[in-house]
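In this chain, numbering begins with 1 at the start of the sequence shown.
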Amino acid sequence: MLKGLVIDYVGVLTDAGADELYAYLRAARARGIKTALLSNAPGASDEAKRSLGPFFDALVFSGEVGVAKPEREVYLLTAGLLDLPADRCVFVDDAAHNVRAAVAAGMAGVHHTSVEETLTELSALFPKP
C-alpha cells in the first residue's frame with residue numbers, strides 16, 4: 001500500500017491551478033499519507049519553508065542535501081525522511097526523466113502534465129477508504 005507522496009515544486013506546484021494540488025496535499029496528510037517536497041533548488045528561505053511546512057512532512061532541496069534528481073540516492077533519501085521504503089512512495093514531477101529515475105529507484109511515478117491529470121492519477125493511487 002502506498003503511504004508517501006513526493007512532489008516536485010517548479011513545474012508542478014507552480015502550475016496554473018496548483019491551489020488544487022495544495023488542497024490535495026493537505027487532505028492527504030489528514031488521511032495519514034506522508035508528504036515530501038523534492039526540489040533541485042539550492043535551498044529555500046526560512047519564510048518559504050514556513051509557507052510550505054503545512055503541506056509537507058519533509059522538505060528536500062538538492063543544494064542542502066548534496067544530491068539531485070535524477071540521482072537514485074535523492075529519491076531514497078527522501079523516502080527515508082518519510083520513514084518509508086521507496087516502494088511505498090509516489091513521485092510527481094513535470095520532467096519525465098526524473099519520473100523514470102524515481103521509478104528505477106522503486107517509487108511509483110506520475111508524470112505531471114496538468115493539475116487535472118495529476119489529481120486523477122493520485123486519486124487512483126491513493127483511493128479514499
Side-chain angles (χ1 to χ4, degrees):
M1 176 184 277
L2 296 168
K3 289 289 190 183
L5 175 57
V6 179
I7 194 163
D8 177 46
Y9 184 71
V10 174
V12 179
L13 292 176
T14 59
D15 206 350
D19 55 326
E20 292 180 62
L21 287 172
Y22 281 105
Y24 182 89
L25 287 164
R26 190 180 300 277
R29 287 187 78 200
R31 291 176 34 214
I33 297 166
K34 296 179 180 181
T35 61
L37 176 80
L38 174 54
S39 171
N40 273 354
S45 68
D46 289 341
E47 180 182 330
K49 288 178 181 179
R50 276 192 301 279
S51 69
L52 292 168
F55 303 97
F56 296 102
D57 297 293
L59 299 173
V60 179
F61 298 97
S62 294
E64 294 177 359
V65 298
V67 64
K69 299 177 288 183
E71 296 174 60
R72 177 182 179 86
E73 186 59 33
V74 78
Y75 303 105
L76 301 178
L77 179 146
T78 303
L81 290 173
L82 295 178
D83 200 26
L84 292 170
D87 66 0
R88 302 285 299 274
C89 297
V90 173
F91 176 70
V92 179
D93 200 309
D94 62 311
H97 67 277
N98 289 338
V99 175
R100 285 191 299 272
V103 169
M107 294 183 172
V110 173
H111 180 207
H112 175 81
T113 56
S114 72
V115 170
E116 181 181 357
E117 289 294 321
T118 295
L119 289 172
T120 298
E121 289 192 48
L122 291 176
S123 293
L125 291 165
F126 295 102
K128 291 184 181 175

task: Measure the spacing between CG of N40 and CZ of F61 and express it to the nearest 0.5 Å.
output: 11.0 Å
message: Between L2 and V103, is there shared hydrophobic-cluster membership here, with clusters defined by ILVMFWY side-chain heavy atoms closer than 4.5 Å?
response: no
query: How about V12 and T118: do any of their side-chain heavy atoms sit closer than 4.5 Å?
result: no
message: Working to the nearest 0.5 angstrom, can you tell me the gap between R50 CZ and L59 CG?
response: 12.0 Å
message: I'd like to know if V10 and Y24 are part of one continuous hydrophobic network [Ile/Leu/Val/Met/Phe/Trp/Tyr, side-chain heavy atoms within less than 4.5 Å].
response: yes
task: Can you measure from CG (L5) to CG (L37) and round to the nearest 0.5 angstrom?
output: 10.5 Å
query: Can you name the salt bridge (Lys or Arg N to Asp or Glu O under 4.0 Å) partners of D87, sequence neighbours left out?
result: none
message: Keeping R88 on the side-chain end and M1 on the backbone end, is there a donor-acceptor pair under 3.5 Å?
response: yes
Shared hydrophobic cluster for V67 and F91 (ILVMFWY, side-chain gaps under 4.5 Å): yes
field: By side chain to side chain donor-acceptor pair (under 3.5 Å) - contacts of K34 (at least two apart)
entry: none
- prompt: Of all heavy-atom pairs between E121 and H111, which one has the smallest distance, and what is that distance?
  reply: OE2-O, 4.5 Å
task: With the side chain counted from C-beta on, respond yes when R31 and P129 share a heavy-atom pair under 4.5 Å apart, and no when they do not.
output: yes
field: Residue pair L76 / A86: nearest heavy atoms and the distance that separates them
entry: CD2-CB, 3.8 Å
- prompt: Are any of the side-chain heavy atoms of L13 and L25 separated by less than 4.5 Å?
  reply: yes
- prompt: Rounded to the nearest 0.5 Å, how far does OH of Y9 lie from CZ of F56?
  reply: 9.0 Å
- request: Could you grab the distance from atom CG of N98 to atom CG of L38, nearest 0.5 Å is fine?
  value: 8.0 Å
message: So which atom in A18 and which in T14 form the shortest heavy-atom distance, rounded to 0.1 Å?
response: CB-N, 4.4 Å
query: OH/Y75 to SG/C89 distance, rounded to the nearest 0.5 angstrom?
result: 12.5 Å
- prompt: Are any of the side-chain heavy atoms of V90 and L122 separated by less than 4.5 Å?
  reply: yes
- line: Looking only at heavy atoms, the pair that brings A68 and S62 closest together is CA-OG, 3.3 Å
field: ILVMFWY cluster, I7 and V99 together (side-chain gap under 4.5 Å)
entry: no
query: Checking T35 side chain against V6 main chain: does a donor-acceptor pair fall under 3.5 Å?
result: no
query: What heavy-atom pair brings A58 and L82 nearest, and what distance separates the two atoms?
result: CB-CD2, 4.2 Å
message: Please determine whether residues M107 and V74 belong to a single hydrophobic cluster, defined as Ile, Leu, Val, Met, Phe, Trp and Tyr linked transitively by side-chain heavy-atom distances below 4.5 Å.
response: yes
message: Using the ring-ring contact (aromatic ring centres under 6.0 Å, His included) criterion, which residues pair with F55? Sequence neighbours excluded.
response: Y22
- prompt: Does the side chain of H112 reach to within under 4.5 Å of the side chain of D8, using non-hydrogen atoms?
  reply: no
query: Can you check whether L21 reaches V92 side chain to side chain, under 4.5 Å on heavy atoms?
result: no
